[in-house]
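Note that this is a predicted model, so its numbers are computed, not measured.
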2 protein chains.
Amino acid sequence: MAASTLTEVARLAGVSPATASRVLNGSARTPGPDIAQRVRQAADSLGYIPNAQAQGLAKSSSGLIGLIVHDIADPYFAAIARGVQDAAREQRRMVLLATTGGAPAEEKEAVAAFAARRADSIVIAGSRSARNEDLQDNAELAAELDRYCRNGGQVAVVGHPVVGASASEGYHVVAVPNEELAQSLAASLAEGRDCDFVVIGGPEGLFTSDDRIRGFQAGLERAGRPAAELVRSAFNRSGGYEAGLALAQRLKAAGPARRPLCIFAVNDVMAIGATAALRAEGLRIPRDATIAGFDDIETLRDFRPALSTVRLPLEDIGRLATRATARGAAEHPDEAGPPITGAVTLRRSTEAGA
Amino acid sequence: MAASTLTEVARLAGVSPATASRVLNGSARTPGPDIAQRVRQAADSLGYIPNAQAQGLAKSSSGLIGLIVHDIADPYFAAIARGVQDAAREQRRMVLLATTGGAPAEEKEAVAAFAARRADSIVIAGSRSARNEDLQDNAELAAELDRYCRNGGQVAVVGHPVVGASASEGYHVVAVPNEELAQSLAASLAEGRDCDFVVIGGPEGLFTSDDRIRGFQAGLERAGRPAAELVRSAFNRSGGYEAGLALAQRLKAAGPARRPLCIFAVNDVMAIGATAALRAEGLRIPRDATIAGFDDIETLRDFRPALSTVRLPLEDIGRLATRATARGAAEHPDEAGPPITGAVTLRRSTEAGA
DNA sequence: AAGCAGTGGGAATGCGCTTTCCCAATCAGC
DNA sequence: GCTGATTGGGAAAGCGCATTCCCACTGCTT
């Protein structure tokens, strides 16, 4: 038994397909109540499920929303995904998932795939990159996005705009005040604390990372502190771990007379990695070094020592991005919702004098 | 400018749509090289992207695979989702995501929505429930799944079959040896340890939870130990936390002369919650109580104290489930891949004599 | 009573693509 | 040199639905 079609339902109800369509999918015209009743009953008894593909073809709109993340198992993206999913449900749409590992080339593929499926909108999470090696791919991604928008697609990107994207219509950016927040964090950490600052950053050219580094340095400068030393590493846990190892070696080499070290990892997973490395080397936090991260991912809730960080409303970010792409959102640009705000959250990992 | 169509490409190339389709989407018949070249060039210059909806309609197959989870931000599901995504990519398909919070009614909705989109297959993660309150919804879910399968859909469910599902064709179950593994865990924990066992379980009727409880008790019995006391709670972190709180009170009331307590939480997030509760109450692990979980979610990697657990290859589970639903997998039932195995993993949280 | 707008239903077209069927041209075989 | 098989391309028929247009009919108005 193949899935039953509208035509079959119509025949069973003794009406035309047009009428059946009108009653089952709420068009502007509503057939008479008796007819409607008959059609509905026929649909029921046949277990009719409308073919969304066909509907999409006919209406050219699919009720699909594409989500692009680096890695769905990363708590940061998982939280955003939850928000997106939530908003999608409230708009009665479904989300299509694509994971790219952060490579612009893959992201371009994903956009093309979403476009092929005629997704109504696309949400891109995950930091944009301006690295030279990605230049070509980024340009292609931007072109793909432009084309998608010109064809009526809506796209929202979290954080920074895609380099070179120039679509005017249907292109939204959910701005995250990374720089300002990192600056506040630096201010908080510098306050009444005498130590050397080190930043564990991601690869150069990653906007999110670079913004946070820049903000942090600015904060230190404002507080009259010398700039932090910068250690670059991969933008994930193992990157943090490696950087942490290097710092641990250095700390141990410096001996007991060393000045206290205050570490800022540009995201929480890196901070977790660094913390693990320090611990593995026998160092304790915050006694031997203090450390702070960024994002306040859910994992931190039960992580010890409690990590200082900057709280970001990740779920809201996903939700807002999704809503920005909704039909009708364009008509109310003023109702764009509250801008994203974060909050410096100091916890045990940066307690002074421990 | 609307997205260009196959017909436009064909016209530009000076061939018929049929020919254009043949060269661009690899049919059985391949047109001559010169023509192919012309068509490809035309497609290129127009930035042609095939309309997957139309393709799906024509071929009645969408290249979509539906994934149903309770909560995408739960590390357990996120890990499975990663596996699914990975397998999907290797089959050049896209994944549609649905989160249900575990409610069978929502799951039924999701299945219907996937069916409407003509998803080629559906992967259901998340534990099945046999609770009375869910009886009706479960029956409807089963009916929906049956219908989906009869219409040629492939479904794979992780863990237990859906109650009442009776489709013979296209219905796969990725079995997880919860009971056996829980039994092994109990055996390991009972070995050379004198203590009272307590199990923190999920709500009655949740298969995963019940299986693990049953296995654990069986393991204790085999080891000649009295059955563990059972505390039921929600199947998530806060459930674990509440149960942990109760246990903490009891421990503290019992005073220093108490017998050591060994806790088994039926999954890791509950174990984490319980641990947090004990810690919040000033108790230490493993000194004041030992604890073990189940799943070995990625979060555990950096959780302290290191939690004993049962390692489950979550990503593989997702991958296997997805592969089981792939076209062609049915022809090679013998190549169903290795059965899922887990491994008792003892860590610091259950170290005796600490 | 004739003419009118308004109402409720059906016929037909098209969304963009795949695929069968058909036809002309080429080739091999005798 | 003729027939039969084979190749390579096009015409056309759907896939399942939404929607525009059209028509028959009702209930008014003057």
Does this structure show an ion pair linking [X] with [Y], if we count only N-O contacts that are shorter than 4.0 Å?
X       : Y       : value
E90(B)  : R323(B) : yes
E109(A) : R89(B)  : no
D137(B) : K108(B) : no

When the distance from [atom1] of [X] to [atom2] of [N] is rounded to whole Å, what number comes out?
X       : N       : atom1 : atom2 : answer
N25(A)  : dC17(D) : CG    : P     : 8 Å
Q53(A)  : dC15(D) : CD    : P     : 15 Å
L46(B)  : dC17(C) : CG    : P     : 11 Å
K59(A)  : dG16(D) : NZ    : P     : 17 Å
R118(B) : dC17(C) : CZ    : C1'   : 17 Å
E8(B)   : dG16(C) : CD    : P     : 8 Å
L24(A)  : dA18(D) : CG    : P     : 9 Å
L57(B)  : dA18(D) : CG    : P     : 11 Å

>> Could you go through R131(A) and D134(A), starting from their C-alpha distance and side-chain angles, then the distance that decides it, and tell me whether this counts as salt bridge (charged side-chain N to carboxylate O under 4.0 Å, His left out)?
In response: CA-CA 5 Å; R131(A) 282 180 290 179; D134(A) 290 335; 3.6 Å; yes

Would you say a side-chain N or O of [X] is under 4.0 Å from OP1 or OP2 of [N]?
X      : N       : value
Q55(A) : dC17(D) : no
N51(A) : dC15(D) : no
S21(A) : dA18(D) : yes

State, yes or no, whether a side-chain contact exists between [X] and [Y] at a heavy-atom distance under 4.5 Å.
X       : Y       : answer
Q85(B)  : I65(B)  : no
E107(B) : I122(B) : no
V155(B) : T325(B) : no
V9(B)   : L24(B)  : yes

> Considering heavy-atom distances to DNA chain D, does R22(A) or R22(B) have its closest nucleotide positioned more toward the 5' end?
Replying inline: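 So the residue in question is R22(B).
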
> If we fit an axis to the first five pairs and another to the last five of the helix from dA1(C)-dT30(D) to dC30(C)-dG1(D), what angle do they make, to the nearest 10°?
Replying inline: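 Axis-to-axis angle, ends of the helix: 50°.
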
>> Show, in sequence, the C-alpha distance, side-chain angles and deciding distance for R93(A) and S121(A), and conclude whether the side-chain hydrogen bond (donor to acceptor under 3.5 Å, both in side chains) test is met.
In response: CA-CA 10 Å; R93(A) 302 200 283 162; S121(A) 50; 3.2 Å; yes

>> Quick check for you: among dT19(D), dC17(D), dC17(C), whose closest atom lies nearest to any side-chain atom of T5(B)?
In response: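 Nearest to the side chain of T5(B) among the choices is dC17(C).
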
> Which residues, if any, of residues 10-20 of chain B bring a heavy atom under 4.0 Å of DNA chain D?
Replying inline: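 Per residue number, the list reads V15(B), S16(B), A18(B), T19(B).
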
